[in-house]
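Chain letters run A, B, ... following the sequence lines, proteins first and then strands; every chain starts at 1. Only a predicted model underlies this, so the values are computations on that prediction, with no experimental measurement involved. Computed from heavy atoms alone, side chains included, the values below leave out hydrogens, waters and symmetry copies.
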2 protein chains.
Amino acid sequence: MTEYQNILRNINRYVELNEQDEQEFTSIIKTSSVKKRQFIVQPNFVCEFQTYVEKGAFRSYFVSDEGEDHTIQFAIEDWFISDFNSYISQEPASLFVEALEDGIIHQIAYQDVENLCEKNPKFERFFRLVAQKSFAYAQKRVLSNLGKSAEARYIEFQAQYPTIVQRVPQYALASYLGMSAEFLSKIRKRLSKA
Amino acid sequence: MTEYQNILRNINRYVELNEQDEQEFTSIIKTSSVKKRQFIVQPNFVCEFQTYVEKGAFRSYFVSDEGEDHTIQFAIEDWFISDFNSYISQEPASLFVEALEDGIIHQIAYQDVENLCEKNPKFERFFRLVAQKSFAYAQKRVLSNLGKSAEARYIEFQAQYPTIVQRVPQYALASYLGMSAEFLSKIRKRLSKA
DNA sequence: AAATGTTCTTGAACTAGTTCAAGATTTTAT
DNA sequence: ATAAAATCTTGAACTAGTTCAAGAACATTT
């Protein structure tokens, strides 16, 4: 079992890689370990990498002018996370990406990915499929919450991602679900009694 | 000037097409004209096409369980629109896509696009870049509205897309901006006095 | 095991935005 | 031109969710 087993298996769900392809891909990976509360992306710095979570839990969030924070995405094992906007345009990020636990990540740099895509159409294809799926998924998330009450949004998230609910601080979850931390606390109390 | 001038110019912003490429692409286009209030996508039918707007204005929207409608996207000349989720997965749509004016569209079918991508990496590349940009753009839209009041959301949209504000019915705009039609009416009144 | 920092809970007062209803205006079809 | 349909406006009553503040529980460091 190699260091890159998991990330390669992930890619193989979309395209079939031979040894040569796998070698091309793993040669651009940079692996690091991160400590809880460490930032791997910060506003005003360009988000150079897409990050694959080998171990740990992360969240990306945006701090609005009024100083509230808004969680955009959680990522645990086998998920990718980044400030995608910044990554794609190679302009300064507006998000933080923060480790919620100690973890291990594999990162791939924008220019390395672009070169790889140009060299090997299998990767062009992989990144097309992933981008399309991410976009579709993001739209689905928005839809599934439209017109729902705060309580309904929580119940649905809890049903769909029970592990994340347990693993993530409540204020981060509240800010993901678009409600105040206090209100989420009240919802949970109400539900635990019923 | 050909029938496909505009859509080809759009693609050429991302990849350079020679005559042969252009020919491959235009051969899969299906052009039609649509009447105001006509639906080009409907829930429960698979969204077979991506639609390029040659002329006209469209909106995609979702009707929640409670019967409210929520506009997801507007599209005018030179934009693409679809129920992307349905298109990508080739599963039944959950959105309506409705013509807001009489118009002309160019459509490309899922399977034709996939075949084209497999045959010609330039198109693989084009659709990767477009999917990535759409995803980044969708995220940006979400971010730019987070934590803002209904009035601020309206003001910003109006500043960024003045033509759309003029061209689109107010209830559709309100449902795009996430507020009731009545409230948008009140906001506008307030602003016109100030 | 004490001390410090972080996260979670609870209630009371508040408010941005909704809902309802009815009339006014604009657009579309005949 | 006229009627019918669609859209927009306005005010009054309401409510889901926020904000503030202070204490309780939990986690982390020394």
Requested in this report: Can you tell me the distance, in whole Å, between the CG atom of L173(B) and the P atom of dT7(D)?
Outcome: 14 Å
Query raised in the report: CG of D102(A) versus P of dA27(D): gap in Å, rounded?
Result: 15 Å
Report task. Check the side chains of N12(A) and R9(A) for a donor-acceptor pair under 3.5 angstrom, ignoring hydrogens and angles. Result -> no
Query - Lys/Arg-Asp/Glu bridge criterion (N-O < 4.0 Å) met for E114(A), R128(B) - result: yes
Report task. List the protein contact pattern of nucleotides 13-30 of chain C with one symbol per nucleotide (5' to 3'): B for base contact, S for sugar-phosphate-only contact, - for none; contact means a heavy-atom distance under 4.0 Å. Result -> ----BBBB-------S--
Report task. Check the angle between the aromatic planes of F84(A) and F135(B) and answer parallel, tilted or perpendicular using the 30° and 60° thresholds. Result -> tilted
Query raised in the report: Rounded to the Å, how far apart are Q166(A) CD and dC8(C) P?
Result: 14 Å
Requested in this report: Indicate the ring-plane relationship of Y176(A) and F157(A), choosing parallel, tilted or perpendicular according to the 30° and 60° boundaries.
Outcome: tilted
**Report entry** Donor-acceptor contact below 3.5 Å, side chain D21(A) vs main chain N18(A)
**Finding:** yes
Report summary line: When R37(A), K35(A), K36(A), R167(A) are each screened for salt bridge (charged side-chain N to carboxylate O under 4.0 Å, His left out) with E101(A), the one that passes is R167(A)
Report summary line: Atom NZ of K189(A) and atom C1' of dT9(C) are separated, to the nearest Å, by 8 Å
Query raised in the report: Could you state the CG-P distance from L100(A) to dT28(D), rounded to the nearest angstrom?
Result: 13 Å
